[in-house]
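So the structure is just underneath, and the comments pick up after that.
When a ligand or atom number is given, it counts from 1 through the structure's own listing order.
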Amino acid sequence: METSMIHSEHKVRDVHGSLTMPIYQTSTFSFSSAAEGARRFAGEEEGYIYSRLGNPTVKALEERIAVLEGGERGLAFASGMAGVSAVLIAMTKANDHILCSNGLYGCTYGLLQMLEEKYDITHDFSFMESEEELRNKINKNTSCIFIETPINPTMKVVDLSMVAQVAKEYGIPVVVDNTFCTPYLQRPLEKGCDIVIHSATKYIGGHGDVIAGLVVGKGEFMNALAMAEQKDIGGVLSPFDAWLLLRGIKTLHIRMDRHSSNAAEIARKLKEHPRVENVYYPGMENHEQKSIVKKQMKTGGGVIAFELKGSKSEAQNFMDRLELIQIAVSLGDAETLIQHPATMTHAVVPEEKRKEMGIGDSLIRLSVGLEAVEDIWHDMNQALQS
Ligand SMILES: *Cc1c(COP(=O)(O)O)cnc(C)c1O
């Protein structure tokens, strides 16, 4: 895995023998003759045509993520949401039904509302805690199951192999948003799931400087996705952003180890703190779904959710007293980031639905960065004390 993060794609040997993948910052590619152009359009000859249809720098990234997730083909998108929307549009038609984990990224929730309003594509939420619960929620018109695990922001987990096995009986594809884990911590395709999506904006990029999405799956589905939803809706990634991701992935394993060990330590300290009510972290010994965590995740990852004793104003006052830790949505950056889901990332979810998902007004989400763990804790502790 570690070696594949650095070497997995087909390397282009350019005229200068450059070690890293050059940035092919070009919108189009010229043909040596009209006949060559015609052959490329007809698919009779390999070669680039136009950067929305394919670009060498972007292709190198797509090959690398496909190897890391153990899938047949990867595709890069202009954002995580461009990837999520392309996949959901590809998987559904009017009047279909999508079954989702009970808790989703806020904009994915927004997209589901839009699909329902425009195309009568309905959806349901489920914690998917047992086979029975899952079977009860599958309808005749369910055309895909969409899962986040750990669920953002409550950090509950969903048993991927259980869901994949049940879905297979019904012939329903399972899509997993693997943003929180990256392939280094969790590989959903190995558990029998069909499609993996990443907001590569987060850990894969890892440096807070790019918005990007990645999708990996079987050849047939991915080829169709490339030729329709990616090409014709057009949310493609730029060559420069692809290059930033190739660069980020080279250190993904080292960063994930450090994010995880820092987060495990912060979670332990929060748990012991008298001002803290609850801590939700998959890497904790007393996580309520520890056996599932053990089965599918290498470590607990870098994100912690917790509740202070008190209400929304205590949560907001605590955040305002932090000095090192930045108040910002996003996660997976070198900097430790903190946000308040009920008023930020999940503000679009109606209050009643938020409560069902376990997103209370005092819930805080922390993306633990790569700083010295003593400094992260020092900042949290002084804000808790004051
Ligand atoms: C950020 C995020 C997304 C959306 O990705 P963008 O790159 O911001 O479009 C989707 N899913 C999860 C779990 C995320 O954290």
Could you list, one pair per line, each nitrogen or oxygen of ligand 1 together with any protein nitrogen or oxygen closer than 3.5 Å, giving atom names and the distance rounded to 0.1 Å?
{"residue": "ligand 1", "atom": "5 (O)", "partner": "S199", "partner atom": "OG", "Å": "2.9"}
{"residue": "ligand 1", "atom": "7 (O)", "partner": "G80", "partner atom": "N", "Å": "2.9"}
{"residue": "ligand 1", "atom": "7 (O)", "partner": "S199", "partner atom": "OG", "Å": "2.8"}
{"residue": "ligand 1", "atom": "7 (O)", "partner": "T201", "partner atom": "OG1", "Å": "2.6"}
{"residue": "ligand 1", "atom": "9 (O)", "partner": "G80", "partner atom": "N", "Å": "3.0"}
{"residue": "ligand 1", "atom": "9 (O)", "partner": "M81", "partner atom": "N", "Å": "2.9"}
{"residue": "ligand 1", "atom": "11 (N)", "partner": "D177", "partner atom": "OD2", "Å": "2.6"}
{"residue": "ligand 1", "atom": "15 (O)", "partner": "K202", "partner atom": "NZ", "Å": "2.7"}

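- Both cation-pi conditions hold for K156 and F127: the charged atom is under 6.0 angstrom from the six-membered ring centre and inside a 45 degree cone around its axis.
- When the shell of 6.0 Å around CD of Q385 is examined, it contains more than 12 heavy atoms from other residues, nucleotides or ligands.
- Judged purely by distance below 3.5 Å, without hydrogens or angles, the side chains of S126 and E133 pair a donor atom with an acceptor atom.
- Judged purely by distance below 3.5 Å, without hydrogens or angles, the side chains of Q339 and T345 pair a donor atom with an acceptor atom.
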>> Please evaluate residues N178 and E69 with respect to the criterion side-chain hydrogen bond (donor to acceptor under 3.5 Å, both in side chains), reporting the C-alpha separation (whole Å), side-chain torsions for both, the decisive distance (0.1 Å), and the verdict.
In response: CA-CA 10 Å; N178 202 26; E69 285 289 3; 3.1 Å; yes

> Hey, mind stepping through H259 and Y203 against ring-ring contact (aromatic ring centres under 6.0 Å, His included) and telling me if it holds?
Replying inline: CA-CA 10 Å; H259 281 298; Y203 290 106; 5.0 Å; yes

